[in-house]
Amino acid sequence: MKRFVLLASIVAAIATASAVAVSLAPARDAGQGRARAVDVPAPIALPETVRVAAGPVAYRPLGNFSRDGKTVTPGLVDLPVAAFEIMTYQVTRDAYAACVEEGACVDVGTGRGALPQTNVNWNDATAYARWLSGRTGETWRLPTAAEWQRAAQDRLGDAAPDETELDPGERMLSQYKRGVFLRGSASPALRPSGGFGANSLGISDMGGNVWEWTDGCMENGEVGDDGSVTTREPYCGVRVAGGRHRAAVIDFVRDASVGGCAVGLPPDHLGFRLVREGAGGTAAD
């Protein structure tokens with residue numbers, strides 16, 4: 001009888017313990033749920049954008065072109081550009097730092113702040129675009145070279161050498177003189193967002209001292225007698241950077257001022273802004 005009573009007591013104790021464990025399980029799960037909620041990144045504010053209306057640009061391919069074995073400058077061609085939406089300001093250090101903190105972007109050592117994010121290469125810029133797309137549920141990407149030119153409007157100059165036949169030394173001198181003229185006496189010191197003002201479309205800092213990565217590629221090809229491109233082949237290891245004048249920069253270079261600029265004068269700084277696919281933004285015709 002005593003054994004029976006002892007066994008019954010043990011069974012009751014086990015049942016009580018199990019009941020307590022069951023009652024505590026939801027609390028533990030809830031606690032874990034709260035911990036997981038803390039780990040979820042906070043929502044981010046969408047960047048301000050401007051919608052650029054469709055229209056043509058007088059586009060000149062950037063790269064190495066020849067005619068009858070001699071290097072020449074291809075002529076301008078009217079290139080249609082569909083409407084698109086682009087960031088009003090360049091991506092800032094603060095915005096880029098959020099991507100770094102979540103492990104999606106490389107820390108390039110520039111810190112935080114309202115200055116434009118510089119010292120980034122093409123791969124860094126596209127990594128940020130992927131991260132922003134994932135965080136917002138929208139599609140963000142680098143602009144094409146033609147889109148960037150359309151957005152720049154009057155802030156973009158043409159530093160290409162004369163279209164006439166020149167010897168290599170004359171070509172280099174022509175391009176250098178045009179590039180220096182377009183840059184003027186602007187200081188390479190970085191300015192906060194908006195420091196170079198807005199262009200006619202309301203897009204800020206176009207043509208300042210931060211060149212911007214695009215998705216455009218350097219091209220190689222042949223030019224006919226009329227200056228039109230007859231054959232062309234993109235080389236996407238070198239990308240087009242838009243600025244006061246365009247430059248072709250190797251995609252892994254973060255500071256083209258010390259090397260890595262394949263065509264054109266080297267940019268003072270390399271940064272970027274993105275295009276958002278889809279409707280929206282402030283209309284700008």
- Task: Please test D205 against V210 for side chain to side chain contact (heavy atoms under 4.5 Å, CB included), starting from the C-alpha separation and ending with a verdict.
- Result: CA-CA 8 Å; D205 303 325; V210 176; over 6 Å; no
### Task
Step by step, work out the side chain to side chain contact (heavy atoms under 4.5 Å, CB included) result for F65 and T73.
CA-CA 7 Å; F65 291 86; T73 299; over 6 Å; no
Next item on the list: Under the side chain to side chain contact (heavy atoms under 4.5 Å, CB included) rule, what do Q117 and V108 come out as? Steps first, then yes or no, please.
Entry: CA-CA 9 Å; Q117 179 61 57; V108 295; 3.3 Å; yes
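Judged by distance alone, the side chain of N199 and the main-chain N or O of A152 form a donor-acceptor pair under 3.5 Å. The backbone N or O of V253 lies less than 3.5 Å from no partner atom in the side chain of W122, so there is not a single donor-acceptor pair. Not a single donor-acceptor pair under 3.5 Å links the side chain of E212 to the backbone N or O of M206.
Checking D94 against T92 by side-chain atom types alone, no donor-acceptor pair falls below 3.5 Å. For the residue pair S133 and E138, no side-chain donor N or O sits within less than 3.5 Å of a side-chain acceptor on the partner.
Summarising the geometry of Q153 relative to R150, their closest heavy-atom pair is NE2-O, 2.6 Å, with the distance given to 0.1 Å.
The side-chain hydrogen bond (donor to acceptor under 3.5 Å, both in side chains) search around R232 returns E219, not counting sequence neighbours. Every side-chain contact (heavy atoms from CB on, under 4.5 Å) that E102 has, sequence neighbours left out, goes to P41, W131, R135. Evaluation of the side-chain hydrogen bond (donor to acceptor under 3.5 Å, both in side chains) rule for S193 yields no partner, not counting sequence neighbours.
A cation-pi arrangement is present between R246 and Y59 under the rule of less than 6.0 angstrom and at most 45 degrees off the ring axis.
Ion pairing between D215 and R141 fails under the 4.0 Å rule for side-chain N and carboxylate O.
Of the residues L270, V240, V238, N121, the one that meets the side chain to side chain contact (heavy atoms under 4.5 Å, CB included) test with V249 is L270.
Aromatic ring pairs are classed by plane angle as parallel below 30°, tilted from 30° to 60° and perpendicular above 60°; the pair Y96 and Y128 is parallel.
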